[in-house]
A.B. asks: 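This is the structure I have questions about; it appears just below.
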Protein chains: 2
Amino acid sequence: MASPPGWRSGRPSPHISALKDIALFKGLSEDALQEVLACGQTERLAKGALAFRQGAPAETCHSLVHGRVKIAQTRPDGGQFVIRFIGSGEMFGSVAALMGQPFPADATAVVDSIQFVWPIHVMRRLMMRHPDIAIRATTELGARVQELQSRMAEMGATRVEQRIARGLVRLVRQAGRRTEVGIEIDFPITRQDLAEMTGATLHTVSRTLAAWEADGLIDSSRRRITVRRPHGLVVIAEDLPGARDD
Amino acid sequence: MASPPGWRSGRPSPHISALKDIALFKGLSEDALQEVLACGQTERLAKGALAFRQGAPAETCHSLVHGRVKIAQTRPDGGQFVIRFIGSGEMFGSVAALMGQPFPADATAVVDSIQFVWPIHVMRRLMMRHPDIAIRATTELGARVQELQSRMAEMGATRVEQRIARGLVRLVRQAGRRTEVGIEIDFPITRQDLAEMTGATLHTVSRTLAAWEADGLIDSSRRRITVRRPHGLVVIAEDLPGARDD
DNA sequence: CGGGCAATTGAAGTAGATCAAGCCCAGTGG
DNA sequence: CCACTGGGCTTGATCTACTTCAATTGCCCG
């Protein structure tokens, strides 16, 4: 079961600094970091490439060094559901790996990306030796649980326009980039994606965005969304009483 | 910050065996169990009583010794959302406590219950000393994350009848009790509860259950549901092609 | 420059919410 | 013991937000 370096194709790791951005490894000793680094690989992910596929056995932990990755589940009825988008420094695929279960979703690069990949057993060994990593992991996972719970509560009850607004607000927080006119989602996203995040149809999303654009709330073009008045979006998302101008 | 035994009103703990049913403590030494036991309290929860209230600071971990507890969130718009039902041996409130955040939901006993409560710092100390507890915790949380993710994927896309079916199936697995005619949910549950689990209205749930009852799929009366043909329910839940008779 | 993916937009259909009564049954207390 | 009360449940009628179906347009990349 020993996995020597080179267990997977790809160039050796560039530098330890990439690992330091991962929350889970904050405050870890140089030695331990070196251990992860030595067992893992940096890999290029061309736009559209899959880091892993739904249903495949999960034997690896992944962390995004650069780029953007979409985690999406295919439902039995064939529909897709976008679980989340991964930004740099975030880990993905680790829950399944830790649980010894197959990946529950596809991970697709939406832009050219770079990921760092290492075998799960290194993670396990590390946790056994350094309790604070395991504890940090519980914190990370706890945050995920809470986020999912509140997201689920939303899903159940709110009307579609609100769900889309919330989805967009979440994207702005996670991947917003300041521009002259407002805040732009810093990666290409289709209306289809937005629909699959919120459980709406492509058509409804298109109409909704069009309406918001007419109101001057957002700018959008093919695969590009810029929020001009974030607060106005929040007003819709939270169903606040306020009038629809900032 | 030290919390001596007796930090909370209630009788002292009855026996160590109650703790052994908790997954998190499986395989823990007698000493460690004794430590938790010494710092905690067993408490009665009369039907309708709250174990904790949404928004209150979470300084305690809870585990249900006996009974049934409903975890429900009140949304800003006033609506309620039922996150889950707790059965005996399950922990609740621990994620918030571990994260140092307020409880995200109310915990209400739906029948007369007994809970075991202990301060969060004991949990923290235990994790620091026994990495395998922390690791077990990551496994528990990982399972929660996966369950929530798939539940969320459902919420987004399926039609209401399917969501209700899935909710019921989940309840059957978790709280089903064999009877002559089928499997009964072993605690009183209202249509309102079911509606708040699935994001439907009371009315739709009522109509749906009535239809299922007419089909001989279930029996129901006030606060009581018995599933006669679980498989038929699964067929609806998964939208399988099969005809609607077992 | 043309093929295909992304987006728009109209029209029609429908699942489920909402509104509105009324009923049934389990306690409660006189 | 019986009337009363109120929570849980049912059931009909209407309304509408969203989906579905069906074209059509426009943009970008090869």
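Since this is a predicted model, take the numbers as computed values, not measurements. Hydrogens, waters and symmetry mates play no part in the numbers below; they use all other heavy atoms, side chains included. Note on naming: letters A, B, ... go to the chains in the order of the sequence lines (proteins, then strands), and numbering restarts at 1 for each one.
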A.B. asks: May I have all residue pairs that pass side chain to side chain donor-acceptor pair (under 3.5 Å) and include part of residues 47-57 of chain B, sequence neighbours excluded?
C.D. replies: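 Qualifying pairs: none.
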A.B. asks: Closest approach to the side chain of A:Thr201, judged atom by atom: which nucleotide of C:dG16, D:dT19, D:dA22 is it?
C.D. replies: D:dT19
A.B. asks: Is the phosphate of C:dG16, meaning OP1 or OP2, less than 4.0 Å from a side-chain N or O of B:Thr204?
C.D. replies: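 Answer is no, no contact under 4.0 Å.
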A.B. asks: Using the closest heavy atom to pick a nucleotide of DNA chain C for each, name whichever of A:Ile189 or B:Thr158 lands nearer the 5' end.
C.D. replies: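 So the residue in question is A:Ile189.
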A.B. asks: Using a cut-off of less than 4.0 Å, is there contact between a side-chain N or O of A:Ser206 and OP1 or OP2 of C:dT8?
C.D. replies: yes
A.B. asks: In this structure, how many angstroms lie between the P atom of C:dG13 and the NE2 atom of A:His203, rounded?
C.D. replies: 17 Å
A.B. asks: Could you check whether atom CZ of B:Arg159 has more than 12 heavy atoms from other residues, nucleotides or ligands sitting under 6.0 Å from it?
C.D. replies: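 Not more than 12 within 6.0 Å, no.
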A.B. asks: From C:dA6, D:dT20, C:dT18, pick the nucleotide closest to the side chain of A:Thr190?
C.D. replies: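 Looking only at side-chain atoms, A:Thr190 lies closest to C:dA6.
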A.B. asks: Indicate the ring-plane relationship of B:Phe85 and B:Phe187, choosing parallel, tilted or perpendicular according to the 30° and 60° boundaries.
C.D. replies: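 Because their plane-to-plane angle lies in the 30° to 60° range, the rings of B:Phe85 and B:Phe187 count as tilted.
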A.B. asks: If we ignore hydrogens and angles and just use 3.5 Å, is the side chain of A:Ser206 paired with the main-chain N or O of A:Leu202 as donor and acceptor?
C.D. replies: no
A.B. asks: Does a nitrogen or oxygen in the side chain of B:Arg191 sit under 4.0 Å from OP1 or OP2 of D:dG8?
C.D. replies: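 False: B:Arg191 side-chain N/O out of range (4.0 Å or more) of D:dG8 OP1/OP2.
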A.B. asks: Specify the separation, in whole Å, of atom CD of A:Glu213 and atom P of C:dA7.
C.D. replies: 12 Å
A.B. asks: Rounded to whole angstrom units, what separation is found between the CD atom of A:Gln192 and the C1' atom of C:dG4?
C.D. replies: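 Rounded to the whole Å, the gap is 15 Å.
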A.B. asks: Specify the separation, in whole Å, of atom CZ of B:Arg159 and atom C1' of C:dG13.
C.D. replies: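 Whole-Å distance recorded here is 15 Å.
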A.B. asks: So, does A:Ser150 use its side chain to make a donor-acceptor pair with the main chain of A:Glu147 at under 3.5 Å?
C.D. replies: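 At least one qualifying donor-acceptor pair exists.
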A.B. asks: Please figure out whether A:Val205 or A:Arg222 has its closest DNA chain C nucleotide nearer the 5' end.
C.D. replies: A:Arg222
A.B. asks: Could you tell me how far apart A:Arg207 (CZ) and D:dA22 (P) are, to the nearest whole angstrom?
C.D. replies: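 Spelled out: CZ on A:Arg207 to P on D:dA22 is 15 Å.
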A.B. asks: Within the structure, does a side-chain N or O atom of B:Arg223 lie under 4.0 Å from either OP1 or OP2 of D:dG8?
C.D. replies: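 So the side chain of B:Arg223 is within the cut-off, an N or O lying under 4.0 Å from OP1 or OP2 of D:dG8.
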A.B. asks: Just the rounded figure in Å: distance from C1' of D:dC9 to CD1 of B:Ile218.
C.D. replies: 13 Å
A.B. asks: What's the CG-C1' distance between A:Asp193 and C:dA6, to the nearest Å?
C.D. replies: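 In whole Å, C:dA6 C1' and A:Asp193 CG are 11 Å from each other.
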A.B. asks: Please report the distance, rounded to the nearest Å, between CG in A:Leu209 and P in C:dT9.
C.D. replies: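 Result: 12 Å.
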